[in-house]
Amino acid sequence: MVTAGRSAPPAVAGFTITRVNPVEHADAIKRLFLDHERPEFPDYFDRAFPDAVAEGGTSWVGWDEHGRLCAHIAQFPRAFALGGRTLQGALLANLMVATAHRKFWPALRLVRRLVDDVKASGSVDLIYADPNELAQPVLRAAGFQPIGALQRFVIPLTDLRRGVAVAIRLYHLIRRSRTMPLAAIDGVPEDAASAIEPGQANGARSLQPVRRASLYRARLAGYPSASDRWYRFHTRDRDAALVGKALVRHHGRDGPAAVCVVQCEPMTLLSSLLVALARRVRDTGATRLEIWVMLQSQAANAVRRAGFLPRPERIPLLALPLTRFGKQATAAGCEWQLLPIDVDR
Ligand SMILES: CC(C)(COP(=O)(O)OP(=O)(O)OC[C@H]1O[C@@H](n2cnc3c(N)ncnc32)[C@H](O)[C@@H]1OP(=O)(O)O)[C@@H](O)C(=O)NCCC(=O)NCCS
């Protein structure tokens, strides 16, 4: 795809762009999203934006000739560990252009302005995004390249039909026999579960998010709620070494539970961790457990080994490196250990 020329045809220049502190324009930004069928946005804004701004997040907005706010895009700082160093990323979030201005070029100018300003700051190694089908042509025209996709996987845990439930148990038993037994401790407070720092064990070519508690509050409505449970995983030997953690959001009895956060050091134990986790979650009465991981990655292989079945849903990811370190992270062979909680969808 050829990136589009810098200058938009004069007729569609569109709106005036300014960089702002979104919290100072909260009402106008919320109005834009409410006017375009996004009723959930104001609550999300109140959960996510104040923390994001405190951590360096900013927005770019478009003003029409009447001074009305008619376009928005934000960047949220996201740190990653890569080869023992910290990579500074920026997640593109909440791109919205008012219908009257949806002529491609205005949206492209907005994205390009963000890229230029972030590049000029000199503090960001790469910008990444999970654009939907409408936003992908705009980001591709701004120079973003595909770096892979998140794919959804599901494992059945039990079933109301006795025969099916027995078959599922057998399926899990076979999976368990092929993995290393780990001890799963559940219900630990979040801070205790954050004892695992991204380590070297996963190699210099594995990009690992460094997550803060503000991320969970922003991305999980009502977090920490009674439906959220953290788990820690230890080896069963005398050392009882801590090898992993996971956050699961339960959707009531007989409903699917979702793995929101999982981290494992070394990654070679991920399938063992997921087998132990599935067993604990089954005991809570959940019927299925779902997880999203990067397509064709070590994590995807481990998820399959643990018995999870691939589903068709995918979230494509695009990125734009701004530094040599950023290029290292987007180079072929670099594994991104991203989960849906690390993107904007
Ligand atoms: C995403 C969004 C900002 C894209 O803006 P946009 O490209 O201006 O809007 P559209 O996708 O509607 O496309 C507008 C026009 O540009 C045209 N277009 C697309 N690519 C083009 C290109 N490379 N060159 C010229 N025109 C192009 C399209 O054909 C379309 O015209 P048409 O509807 O008459 O066919 C806008 O669709 C939006 O705000 N959507 C709602 C929120 C949203 O989905 N945000 C993204 C979240 S990830």
Side-chain angles (χ1 to χ4, degrees), residues 1-20 22 25 28-45 47-49 52 57-65 68-76 78 89-118 126-152 218-219 292 313-320 336 338-345:
M1 164 131 195
V2 182
T3 52
R6 293 291 304 182
S7 56
V12 290
F15 40 67
T16 308
I17 298 170
T18 56
R19 180 179 186 165
V20 298
H25 298 272
I29 295 171
K30 290 176 183 177
R31 174 53 40 209
L32 172 68
F33 279 79
L34 286 171
D35 289 349
H36 292 86
E37 293 114 34
R38 296 287 301 279
E40 83 296 344
F41 185 81
D43 288 348
Y44 162 74
F45 184 100
R47 273 201 327 269
F49 275 71
T58 43
S59 287
W60 287 256
V61 294
W63 307 95
D64 68 14
E65 66 275 18
R68 280 185 309 234
L69 191 148
C70 60
H72 173 271
I73 192 168
Q75 69 83 18
F76 296 159
R78 295 282 185 267
L91 170 66
L92 279 193
N94 309 120
L95 169 61
M96 173 67 81
V97 171
T99 314
H101 295 277
R102 292 186 187 170
K103 304 183 183 77
F104 181 75
W105 298 103
L108 179 56
R109 273 183 51 240
L110 186 67
V111 173
R112 281 193 171 140
R113 171 64 188 277
L114 178 153
V115 170
D116 292 348
D117 288 359
V118 170
L126 67 86
I127 309 175
Y128 71 104
D130 60 321
N132 61 16
E133 290 196 0
L134 288 171
Q136 280 172 36
V138 176
L139 266 63
R140 296 296 301 269
F144 284 74
Q145 295 300 326
I147 48 115
L150 285 163
Q151 179 168 13
R152 183 170 168 257
R219 299 285 290 140
W292 294 72
E313 299 87 345
R314 293 189 180 174
I315 299 175
L317 301 176
L318 274 64
L320 179 64
W336 288 42
L338 258 64
L339 299 166
I341 204 160
D342 304 308
V343 293
D344 181 42
R345 200 72 60 95

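In listed order, ligands and their atoms are each counted from 1. Treat the numbers as computed from the prediction; the structure is a model and nothing was measured.
A parallel orientation is assigned to the rings of Phe33 and Phe41, their planes being inclined by less than 30° (bins at 30° and 60°).
A salt bridge links Asp117 with Arg113: the distance from a Lys NZ or Arg NE/NH1/NH2 to an Asp or Glu carboxylate oxygen falls below 4.0 Å.
By the side chain to side chain donor-acceptor pair (under 3.5 Å) test, Arg31 is found to be paired with Asp35, residues two or more places apart in sequence or in another chain being considered. With sequence neighbours left out, Glu37 forms a side chain to side chain donor-acceptor pair (under 3.5 Å) with no residue at all.
Residue contacts with ligand 1, taken as heavy atom pairs separated by less than 4.0 Å, involve Pro131 solely via the backbone atoms N, CA, C and O. Looking at Lys103 against ligand 1, only its backbone comes within 4.0 Å, counting heavy atoms.
Which parts of ligand 1 touch Leu95 is read off a 4.0 Å heavy-atom cut-off, strictly below it: atoms 3 (C), 42 (C), 43 (C), 45 (N), 46 (C). Close approach to Met96 involves these atoms of ligand 1, each under 4.0 Å from a residue heavy atom: 39 (O), 41 (C), 42 (C).
Between Asp130 and ligand 1, not a single N/O pair is under 3.5 Å apart.
For the residues Leu134, Val97, Val138, the heavy atom positioned nearest atom 1 (C) of ligand 1 is part of Leu134. Scanning Arg102, His101, His72, Gln136 for the heavy atom closest to atom 36 (C) of ligand 1 points to Arg102.
If you take CG on Leu95 and CG on Leu110, they are separated by 6.5 Å, rounding to the nearest 0.5 Å.
Under a 3.5 Å cut-off, the side chain of Asp344 and the backbone N or O of Asp130 do not form any donor-acceptor pair.
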